[in-house]
Asks: 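One structure, as structure tokens, below. Some questions next.
Per chain, numbering begins at 1; letters A, B, ... match sequence-line order. Remember, it's a predicted structure, so these values are computed and weren't measured experimentally.
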There are 2 protein chains.
Amino acid sequence: MAPHLDTVFAALADPTRREILRMLLEDDMAVTDVAEPFAMSLAAISKHLGILAGAGLITQEKRGRVKWCKLEPDALKAASVWMQGFGQFEPVNLDAFEAFLERELGAEPFDTP
Amino acid sequence: MAPHLDTVFAALADPTRREILRMLLEDDMAVTDVAEPFAMSLAAISKHLGILAGAGLITQEKRGRVKWCKLEPDALKAASVWMQGFGQFEPVNLDAFEAFLERELGAEPFDTP
DNA sequence: GCGATCGTCAACCGATCGGTTGAATATGCG
DNA sequence: CGCATATTCAACCGATCGGTTGACGATCGC
């Protein structure tokens, strides 16, 4: 039951893969460009991307000789919902909720520098 | 940066450990009782509990000769916030937010049976 | 067509993972 | 005290992980 969660959480457990996701948050990228800032081989990054794609967190589309990587944030939904099942035990956690609101609605607090 | 996320996500990547967390959602449990429904050795469960404790997802307190395991849902906070950073790509997910509010503030909807 | 670029494949490596078993360590009970 | 219960420790196992290297297949520009 819920084999997706296995692969999604496992994919998120690696800092390199989380950083790749963060990069893809800004824009779609080619494999070579994804690999550029990392101090490891292109093949290693290619494997990481394969794992992210296997978890559904990204999709890859080959256009010409370059393969474009696109973030698929909806794949985080099931994991997020699963985690929310533990929210009932938290005292209130309104601060996290406010941060969430700020990000979602773009409502910046007054004291922002 | 953010070594917690490594261990938290890795801990969540195993279905046995997720099931343990689900069980602890209902009540604190002794190690032996946690192990009972699983078809594996007590030592294996003890290791799983150690990993969960290492990630801060549970705490263990020895009272007498039995060690009680207690869920620590706040440890999910950092991971949850990290994932919310990708929420800007989702439509809005207001339904999850309303469910969150209902649970947090005890504001039950009218049509509750 | 040719050379350079993009990306994967395959084989290999050491480390870690998830599990086992058996012995060891506390602690409680009668 | 002596035995049962609760839990961990230590060693081991095969499988998987994260990484490397080198060869390979496509595809582009000239």
Asks: Could you state whether A:M29 and A:L42 fall into the same hydrophobic cluster, counting links through intermediate Ile, Leu, Val, Met, Phe, Trp or Tyr residues with side-chain heavy atoms under 4.5 angstrom apart?
Replies: yes
Asks: May I ask you to say what A:L49 touches in the nucleic acid, namely base, sugar-phosphate or nothing, with a heavy-atom cut-off under 4.0 Å?
Replies: nothing
Asks: Whole angstroms only, please: what is the CH2-P distance between B:W68 and D:dT8?
Replies: 14 Å
Asks: A:D6 has an atom CG; how far is it from atom C1' of C:dG18, in whole Å?
Replies: 13 Å
Asks: Identify whether any heavy atom of B:I51 sits under 4.0 Å from a base atom; if not, whether one sits that close to sugar-phosphate; answer base, sugar-phosphate or nothing.
Replies: sugar-phosphate
Asks: Return the value, rounded to whole Å, for the distance between atom CD of B:E61 and atom P of D:dT8.
Replies: 14 Å
Asks: May I have the distance from A:E36 (atom CD) to C:dT5 (atom C1'), rounded to whole angstrom?
Replies: 16 Å
Asks: Less than 4.5 Å apart, any side-chain heavy atom of A:Q60 and any of A:I58?
Replies: yes
Asks: Nearest 0.5 Å please: distance from the CG atom of A:L76 over to the CE atom of A:M83.
Replies: 10.0 Å
Asks: Hey, are the side chains of B:P37 and B:M23 touching, using non-hydrogen atoms and a 4.5 Å cut-off?
Replies: yes
Asks: Grab the CD1-P distance between A:I45 and C:dC6 for me, whole Å please.
Replies: 15 Å
Asks: Quick one, give me the B/S/- string for nucleotides 19-30 of chain D, reading 5' to 3', where B means a protein heavy atom under 4.0 Å from the base and S means that only happens at the primed atoms, P, OP1 or OP2.
Replies: BBB-----BB--
Asks: Determine whether a donor-acceptor pair (N or O, by modelled atom type, separation under 3.5 Å) exists between the side chain of A:R18 and the backbone of A:L12.
Replies: yes
Asks: For a quick test of reading the model: is some side-chain N or O of A:S46 closer than 4.0 Å to OP1 or OP2 of C:dT8?
Replies: yes
Asks: Given atom CE of B:M29 and atom C1' of D:dA6, what is their separation to the nearest angstrom?
Replies: 14 Å
Asks: Is the shortest side-chain heavy-atom distance between A:V31 and A:V66 below 4.5 Å?
Replies: no
